[in-house]
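Since the structure comes first, as structure tokens, the remarks are kept for the end.
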Amino acid sequence: MRVLHIEDDAGETRLLLETLKDVPQSMRWETARAATLEQGLALIRRGGFDAILLDLGLPDSQGLATLQAVRHLDPEVPVIILSGLEDQDLAVHALHDGAQDYLVKGRITGSVLVRVVTNSIARARIHIRLGDVRQPAARALAAWSKVRLVHVHPAEHEAAVNRHLAGLAKACDMVVLACLDEPADLVRDRLHRAG
């Protein structure tokens with residue numbers, strides 16, 4: 001995996017790399033760093049990144065405008081916000097604007113960071129694949145979709161997606177893949193309550 005870290009503080013970058021030292025070598029990724037939004041956007045234009053770790057406070061951009069600029073340039077690459085602020089409102093707005101996750105600097109362990117990046121990449125790929133399959137079906141069928149809840153173990157993500165994608169185009173179904181450390185009935189109840 002290649003991950004772009006857009007962060008102006010070299011100390012924060014060193015701390016992030018130190019955090020990853022306890023993670024097995026097989027779970028680490030190649031990192032590129034940009035110190036400004038402009039440098040980050042130039043690297044994104046070249047392509048080849050699986051995810052972006054983004055600080056919202058850069059010398060040439062502040063707040064959600066930073067995220068919006070990155071998402072505008074490449075809406076498919078997953079973006080994880082790394083912020084020094086524990087701001088629930090900002091986190092919610094960042095997620096609404098397309099961030100995959102919001103982590104507070106100084107509270108991140110290597111294993112958590114690896115899990116968040118890996119899951120963000122997997123979710124982004126699933127989203128892209130579902131969009132590719134659903135677009136022709138959505139144009140052909142204007143009816144409401146059926147929803148299937150599929151409770152899968154994290155190791156079975158890929159197999160579960162492949163199994164259900166074939167039927168999507170024909171049935172115009174929506175498949176919710178719930179990969180949580182909870183029993184299926186609790187996940188189902190939570191999704192029903194959330195509408």
Side-chain angles (χ1 to χ4, degrees), residues 1-35 37 40 43-44 48-58 62-64 66-68 70-71 74-129 150-161 176-184 186-187 190-191 194:
M1 292 189 301
R2 290 192 71 224
V3 176
L4 174 60
H5 187 199
I6 304 177
E7 168 66 65
D8 61 317
D9 188 337
E12 288 290 345
T13 301
R14 279 193 302 276
L15 183 61
L16 180 82
L17 295 175
E18 285 294 320
T19 302
L20 291 172
K21 279 191 175 176
D22 294 335
V23 174
Q25 188 72 29
S26 62
M27 299 177 74
R28 295 187 201 169
W29 53 74
E30 179 187 336
T31 304
R33 177 177 171 250
L37 178 61
L43 289 171
I44 293 167
F49 292 104
D50 296 295
I52 297 171
L53 300 174
L54 179 65
D55 180 18
L56 295 179
L58 298 170
Q62 295 289 314
L64 292 174
T66 308
L67 170 63
Q68 291 160 358
V70 169
R71 298 287 297 148
D74 189 343
E76 294 182 352
V77 68
V79 179
I80 298 104
I81 302 299
L82 297 180
S83 177
L85 302 173
E86 189 169 350
D87 184 334
Q88 190 66 29
D89 288 337
L90 182 60
V92 168
H93 283 97
L95 294 172
H96 183 265
D97 284 354
Q100 287 282 336
D101 216 322
Y102 184 100
L103 300 173
V104 179
K105 295 176 186 177
R107 296 187 177 186
I108 307 166
T109 64
S111 61
V112 167
L113 185 58
V114 166
R115 180 175 44 82
V116 166
V117 169
T118 304
N119 288 347
S120 295
I121 292 169
R123 280 193 307 269
R125 288 179 179 163
I126 289 168
H127 180 75
I128 291 166
R129 289 173 63 192
V150 181
H151 191 262
V152 295
H153 185 273
E156 298 172 353
H157 261 150
E158 194 71 22
V161 170
V176 177
L177 293 175
C179 178
L180 305 171
D181 295 325
E182 296 177 349
L186 292 178
V187 174
R190 184 190 306 169
L191 288 170

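Annotation: side chain to side chain contact (heavy atoms under 4.5 Å, CB included) contacts of Thr109 (sequence neighbours excluded): Ser111, Val112. The side-chain hydrogen bond (donor to acceptor under 3.5 Å, both in side chains) search around Arg33 returns Thr13, not counting sequence neighbours. By the side chain to side chain contact (heavy atoms under 4.5 Å, CB included) test, Asp8 pairs with Asp55, Leu58, Pro59, sequence neighbours left out. Scored by the side chain to side chain contact (heavy atoms under 4.5 Å, CB included) test, Arg2 finds Glu30, Ala32, Phe49, Asp50 as partners (sequence neighbours excluded). Qualifying side-chain hydrogen bond (donor to acceptor under 3.5 Å, both in side chains) partners for Thr19, counting only residues two or more places apart in sequence or in other chains: none.
Within the structure, salt bridge (Lys or Arg N to Asp or Glu O under 4.0 Å) pairs that include any residue of residues 12-25 comprise Glu18-Lys21 (at least two apart or interchain). Pairs engaging residues 84-95 under the side-chain hydrogen bond (donor to acceptor under 3.5 Å, both in side chains) rule: Glu86-Arg107 [sequence neighbours left out].
Closest heavy-atom contact between Ala94 and Leu67: O-CD2, 3.4 Å.
Although no hydrogens or angles enter the test, the distance criterion places no donor-acceptor pair under 3.5 Å between the side chain of Thr118 and the main chain of Arg115.
Distance check: Leu16 CG to Asp9 CG gives 11.5 Å after rounding to the nearest 0.5 Å. Note that CG of Leu17 is 8.5 Å distant from NE2 of His5, once rounded to the nearest 0.5 Å. Distance check: Ile52 CD1 to Asp74 CG gives 6.5 Å after rounding to the nearest 0.5 Å. Here the OG1 atom belonging to Thr31 is positioned 9.0 Å from the CE atom belonging to Met1, to the nearest 0.5 angstrom. Taken from CG in Leu56 to CD in Gln68, the straight-line distance is 10.0 Å, to the nearest 0.5 Å. Taken to the nearest 0.5 Å, the CG atom of Leu103 stands 8.5 Å off from the CG atom of Leu53.
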Can you list the steps and then say if Leu113 with Leu20 is a side-chain contact (heavy atoms from CB on, under 4.5 Å)? CA-CA 8 Å; Leu113 185 58; Leu20 291 172; 4.1 Å; yes
Side-chain donor-acceptor pairs of residues 76-84 under 3.5 Å, sequence neighbours excluded:
unit_1	atom_1	unit_2	atom_2	d
Ser83	OG	Leu85	N	3.0
Ser83	OG	Tyr102	OH	3.2

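Counting heavy atoms from C-beta on, the side chains of Leu37 and Val70 come closer than 4.5 Å.
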